[in-house]
Amino acid sequence: MNATIWHNPACGTSRKTLAILQETPGVDVTVIEYLKTPPTAAKLGQLYADAGITPQQGLRLRGTDAAERGLPAADDETVLAAMAAEPVLIERPLVETDKGVRLCRPQDKVHEII
């Protein structure tokens with residue numbers, strides 16, 4: 001099985017999720033450090049749709065100015081554009097496999113798609 005993780009190595013939850021993926025037999029992991037290589041707004045929209053969540057639910061509030069900017073109440077296109085332009089606004093980690101996509105907070109949510 002292939003798995004792609006949008007990863008932030010400074011985040012403990014992201015590191016724990018990556019470790020679960022790496023320790024699971026048969027999982028081939030692709031790691032994308034999204035702060036260095038951010039996904040496009042279209043890719044983020046697809047990931048959130050596949051995860052069954054809204055872009056607003058994938059918005060990182062802690063440690064960002066998202067709330068001050070009104071992003072939690074903004075329309076999807078505005079949120080996705082802000083995330084693509086400033087990837088620090090993306091809550092992490094996002095994991096995509098053949099079985100689906102999850103925002104892995106807590107990290108054990110990754111077990112739903114591996």
Worksheet item: Is there a chain of hydrophobic side chains (I, L, V, M, F, W, Y, each step under 4.5 Å between heavy atoms) that links Val31 to Leu35?
Response: no

Worksheet item: Same cluster for Leu103 and Leu18 if Ile/Leu/Val/Met/Phe/Trp/Tyr side chains link at under 4.5 Å?
Response: no

Discussion item. For the CZ atom of Arg92 and the CH2 atom of Trp6, what is their distance to the nearest 0.5 Å?
Written reply: 16.0 Å

Worksheet item: For the atom pair CZ (Arg102) and NZ (Lys109), what is the distance rounded to the nearest 0.5 Å?
Response: 6.5 Å

Fill in: Distance in Å, Ile5 CD1 paired with Arg15 CZ, rounded so as to fall on 0.5 Å steps
11.5 Å

Response to the item:
Note: Leu44 and Ala84 closest approach over all heavy atoms is CD1-N, 4.2 Å

Item to complete: Could you walk me through whether Thr54 and Gln57 pass side-chain contact (heavy atoms from CB on, under 4.5 Å), step by step?
Response: CA-CA 5 Å; Thr54 66; Gln57 290 171 306; 3.3 Å; yes

Discussion item. Quick check on side-chain contact (heavy atoms from CB on, under 4.5 Å): which of Ile20, Thr4, Ile114, Ile113 does Val95 satisfy it with?
Written reply: Ile113

Worksheet item: Does Ser14 reach the main-chain N or O of Asn8 with its side chain, forming a donor-acceptor pair under 3.5 Å?
Response: yes

Fill in: Nearest-0.5 Å distance that lies between atom CG in Asn2 and atom CG in Leu21
11.5 Å

Fill in: Flag, side chain of Asp75 to backbone of Thr78, donor-acceptor distance under 3.5 Å
yes

Practice prompt. Indicate whether any N or O donor in one side chain lies under 3.5 Å from an N or O acceptor in the other, for Asp76 and Gln56.
Written response: yes

Discussion item. As an exercise, state the distance from CD of Glu96 to OG1 of Thr30, rounded to the nearest 0.5 Å.
Written reply: 10.0 Å

Practice prompt. State plainly whether one hydrophobic cluster holds both Val88 and Leu71, where clusters connect Ile, Leu, Val, Met, Phe, Trp and Tyr through side-chain heavy atoms under 4.5 angstrom apart.
Written response: yes

Worksheet item: Between Leu89 and Tyr34, is there a shared hydrophobic cluster once you connect ILVMFWY residues whose side-chain heavy atoms come closer than 4.5 Å?
Response: yes

Response to the item:
Shortest non-hydrogen pair, Ile90 vs Tyr48, comes out as CG2-OH, 3.8 Å

Fill in: Minimum-distance pair of heavy atoms, taken over all atoms of Pro93 and Thr13
CD-CG2, 4.0 Å

Worksheet item: Going from CG on Leu59 to OG1 on Thr64, what distance comes out if it is rounded to the nearest 0.5 angstrom?
Response: 6.0 Å

Fill in: Ala41 to Ala81 - nearest heavy-atom pair and separation
CB-N, 4.3 Å

Practice prompt. With side-chain contact (heavy atoms from CB on, under 4.5 Å) as the test, would you mind laying out the steps for Glu91 and Cys11 before giving the verdict?
Written response: CA-CA 10 Å; Glu91 187 63 274; Cys11 172; over 6 Å; no

Worksheet item: If two hydrophobic side chains count as joined below 4.5 Å and joins carry through other members, does Val110 share a cluster with Val27?
Response: yes

Practice prompt. For Met83 and Gly58, work out which heavy atoms get closest and say how close.
Written response: CE-O, 3.2 Å

Worksheet item: Under the salt bridge (charged side-chain N to carboxylate O under 4.0 Å, His left out) criterion, do Arg60 and Glu86 qualify, and how do the steps go?
Response: CA-CA 11 Å; Arg60 182 160 179 83; Glu86 298 176 58; over 6 Å; no

Discussion item. Looking at every heavy atom in both Ala3 and Thr97, which two are closest together, and how far apart are they?
Written reply: CB-CG2, 3.7 Å

